[in-house]
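Protein chains get the first letters and strands the later ones, always in sequence-line order, with residue 1 at the start of each. Just so you know, these numbers come straight off a predicted model, no measurement behind them.
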Protein chains: 2
Amino acid sequence: MSTRQRRRVTIADVARQAGVSTTAVSKVLRSAYGVSPATRDRVRAAIDELGYRPRAAARGMRGRTYTIGVLLPDLRNPFFPDILDGLYEQLAATDYQAIIVTGGPDAKAESRAIDALVDRQVDGLLMVAPRVARARLEEVAGQVPSVVLGLHEKSARYDTVLDDDEVGAELVVRHLIGLGHRRVAHIGRRAVGREIRAATYARVMREHGLEEEVAVAMTSCSEEGGHEGARELPARSPCPTAIFAGADQAAFGALRALHEAGLAVPADVSPAGYDNTRLAALSQISLTSVDQDGAVMGRTAGRLLLERVEGRTTAVRFLVTPALVPRRSTAPPPDDVN
Amino acid sequence: MSTRQRRRVTIADVARQAGVSTTAVSKVLRSAYGVSPATRDRVRAAIDELGYRPRAAARGMRGRTYTIGVLLPDLRNPFFPDILDGLYEQLAATDYQAIIVTGGPDAKAESRAIDALVDRQVDGLLMVAPRVARARLEEVAGQVPSVVLGLHEKSARYDTVLDDDEVGAELVVRHLIGLGHRRVAHIGRRAVGREIRAATYARVMREHGLEEEVAVAMTSCSEEGGHEGARELPARSPCPTAIFAGADQAAFGALRALHEAGLAVPADVSPAGYDNTRLAALSQISLTSVDQDGAVMGRTAGRLLLERVEGRTTAVRFLVTPALVPRRSTAPPPDDVN
DNA sequence: GAACGCGTGGGTAACGTTACCCAAATCGGC
DNA sequence: GCCGATTTGGGTAACGTTACCCACGCGTTC
């Protein structure tokens, strides 16, 4: 039925073919110091001829695996591919390969996912908007060079790449208030001590004398989370006329909830998102959002990881400034607003 | 600055702690035959006490890595998370961990991504809609237990999980023709010998005496691909009144192109997609689509992979029957159609 | 009571690669 | 032409786990 599974070509086969030692081959593989151009070429030729490929497992036993682990909260958020585009671009010229793992529904599952990457001895770890406790991040960063994306907590153990959420949130809330809205609600991600967008929302509302109108639903940044968060709003009396969702994905869920409640956008309610994903730009949706450059963030994260793999131990913090992208989903509130 | 990096706990440490041999510990780890319940409990206790975690690299040297590799064409297609939900569900009860890799823009990059997974010695490989040649798939399947999702090619070396594209495409095209459309265009994925949906589209058109109206744009199933494919359509004379896109994601791109051309949906043009992603259901988009149960496909793929890892070598083919989900994006063509 | 089978557990040799160290050859400077 | 430095290449011992085989003790069967 199945053809015989020939033993995989090893470094020893290459060495024999090229008439050199395994050490020499290993040096060529790692572009290490101590091989003449002539030997290098002979080894390269032997590698091509035999179709040799190094085994990551064997490499991992002694040295590097040439693998970068990426932890994503989920695969549905359309903002993450932007980040990964940047990361891939940065890794393209290197021997490193990114592998992705999703964190799952809670901090415990996410912690297991991180473990899975550490067990596989990734050389570097990019954790996107993790929900595990800060102590856990520090612990992981003590084992593997790490970069955390999207969290404001500072650390000396890992690098941080993030968007200035305070600026971004302020832009949205001011935009909505500027349009004449007073009953602005917020849907955000439940994350103890990490709710910068929610806190900023509340602050800006207060600064405009709207502390009475503050209404927050903390769920998750998924489509379901946004749906759930927005579903209760129409039931309120009076119903908010604007919604600031902490992520486009959540805003999509809110759009669905609004439609189910028979509310028109933006005639009855003006929703806004965050991340400026490509779908937000889709004319049928045309969602006001906050642009943070995911590709730049991913590229930077990749660069920082490579630097750490090469030995840097000082912590770096890279901050991106967001910009408001107003679209048709936000407009002045209805006239009959009381 | 950084705390000392203690040597990671190994199986020998656990053995010492539990007062048994490393062999015994290894057996417990793999739930292998030959350990008494008493020994098992002692070993488990030692593992917990020391916080031991097996290293995948070392395991890979001799046995399994407990890793399932997943190859996705890209991360933006919202259908893929449905598949992965199913896969994760199937793997949840096992010790296996899924890692995701993206294939990149062309077959060559995709082939490298597959290599990366093979190099990392995944125990099983799920390739979603791969674009590499069939011979390459066979070669890979000779090295690693493999399941291919979404390709109609039969093979004795790997299992296949797929949707009945012929049924699905026929449903859409008949739906559009049934609404009164005659100038139905198709946007599909360029894939030599694999364009089942395109071929079915052409067949159904012929069966309705519309062979003159067949218009196909083969690009990629990305949003950009759909945009590009649909952009040329308005320029045609006469312009198609309906578009069957081979994927929702491509349909989203088409929606954008239609809007840019000032064409209304569905008043001027009726687009339809495939996959019935959650976004298609969003009221602002309300895209007619074909539902194929991604979760079931992913779950099945996972089950088949586990079976193959356990030793099955006969090939299995799992076919899902799709269903049409009509929504507001498709309606009868405008009256002034000539 | 010897032979046998079975359930447990251990000893050991791999697996493929790299880090470390050492040897030989070559080079450059006086 | 000699000495030290540098460049090149090899030998070998890990790395942590599992596959394989063997030993022991106990119960069961002729």
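Atom-to-atom, CZ of Arg16(B) to C1' of dG10(C) comes out at 16 Å; the value is rounded to the nearest Å. Across the protein-nucleic acid pair, Asp41(A) atom CG and dT8(D) atom C1' stand 15 Å apart, rounded to whole Å. If you measure from atom CZ of Arg53(B) to atom C1' of dT17(D), you get 15 Å, rounded to the nearest angstrom. Between the CZ atom of Arg40(B) and the C1' atom of dG9(C) there is a distance of 15 Å, rounded to whole Å. Rounding to whole angstrom units, CD1 of residue Ile47(B) and C1' of dG16(D) are separated by 14 Å. Rounded to an integer number of Å, the gap from CZ of Arg59(A) to P of dG16(D) is 19 Å. Atom CD of Gln121(A) is separated from atom P of dG16(C) by 17 Å (rounded to the nearest Å). The interatomic distance linking Leu29(A) (CG) with dG16(C) (C1') rounds to 11 Å, in whole Å.
If you check every strand for non-hydrogen atoms under 4.0 Å, Thr23(A) touches a base. Val25(B) comes within contact range of no nucleotide atom at all, as no heavy-atom separation falls under 4.0 Å.
You'll find that the side chain of Lys27(B) is closest to dG10(C), out of dG10(C), dG7(C), dT18(C). Ranking dG16(C), dT8(D), dT8(C) by closeness to the Ser36(B) side chain, first place goes to dT8(C). When distances run from any side-chain atom of Val35(B) to the nucleotides dT17(D), dG16(C), dG9(C), the shortest one goes to dG9(C). Side-chain proximity of Met61(A) to dG16(D), dT8(D), dT12(D): nearest is dG16(D). Closest to the side chain of Ala58(A), from the set dT18(C), dG9(D), dG16(C), is dG16(C). Residue Thr22(B) has its side chain nearest to dT18(D) when only dT8(C), dT18(D), dG16(C) are considered.
For the OP1/OP2 pair of dG16(D) and a distance below 4.0 Å, the side-chain nitrogens and oxygens of Thr10(B) include no atom meeting the criterion. OP1 or OP2 of dC20(C) has not a single side-chain nitrogen or oxygen of Tyr33(A) nearer than 4.0 Å. Checking the phosphate oxygens (OP1, OP2) of dT8(D), no side-chain nitrogen or oxygen of Thr39(A) falls inside 4.0 Å. The side chain of Tyr66(A) places no N or O atom within less than 4.0 Å of a non-bridging phosphate oxygen (OP1 or OP2) of dT18(C). Residue Arg55(B) places no side-chain N or O under 4.0 Å from the OP1 or OP2 atom of dT17(D).
Remark: the backbone N or O of Ala116(A) is not paired with any side-chain donor or acceptor of Gln97(B) at under 3.5 angstrom. Side-chain atoms of Arg136(A) come within 3.5 Å of backbone N or O of Ser111(A) as a donor-acceptor pair. Of the possible polar contacts, none joining the Arg64(A) side chain to the Tyr66(A) backbone as a donor-acceptor pair under 3.5 Å is found. Looking only at distances, no side-chain donor or acceptor of Asp41(B) sits under 3.5 Å from a matching main-chain atom of Ala38(B).
Checking Arg62(A) against Arg30(B), the closest nucleotide of DNA chain D that is more toward the 5' end is the one next to Arg62(A).
Between Leu84(A) atom CG and Ile100(A) atom CD1 the span is 4.5 Å, to the nearest 0.5 Å.
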Listed pairs under 3.5 Å, donor-acceptor, residues 86-93 of chain B side chains, sequence neighbours left out:
{"from": "Tyr88(B)", "atom 1": "OH", "to": "Thr102(A)", "atom 2": "OG1", "distance (Å)": "3.2"}
{"from": "Glu89(B)", "atom 1": "OE1", "to": "Arg299(B)", "atom 2": "NH1", "distance (Å)": "3.1"}

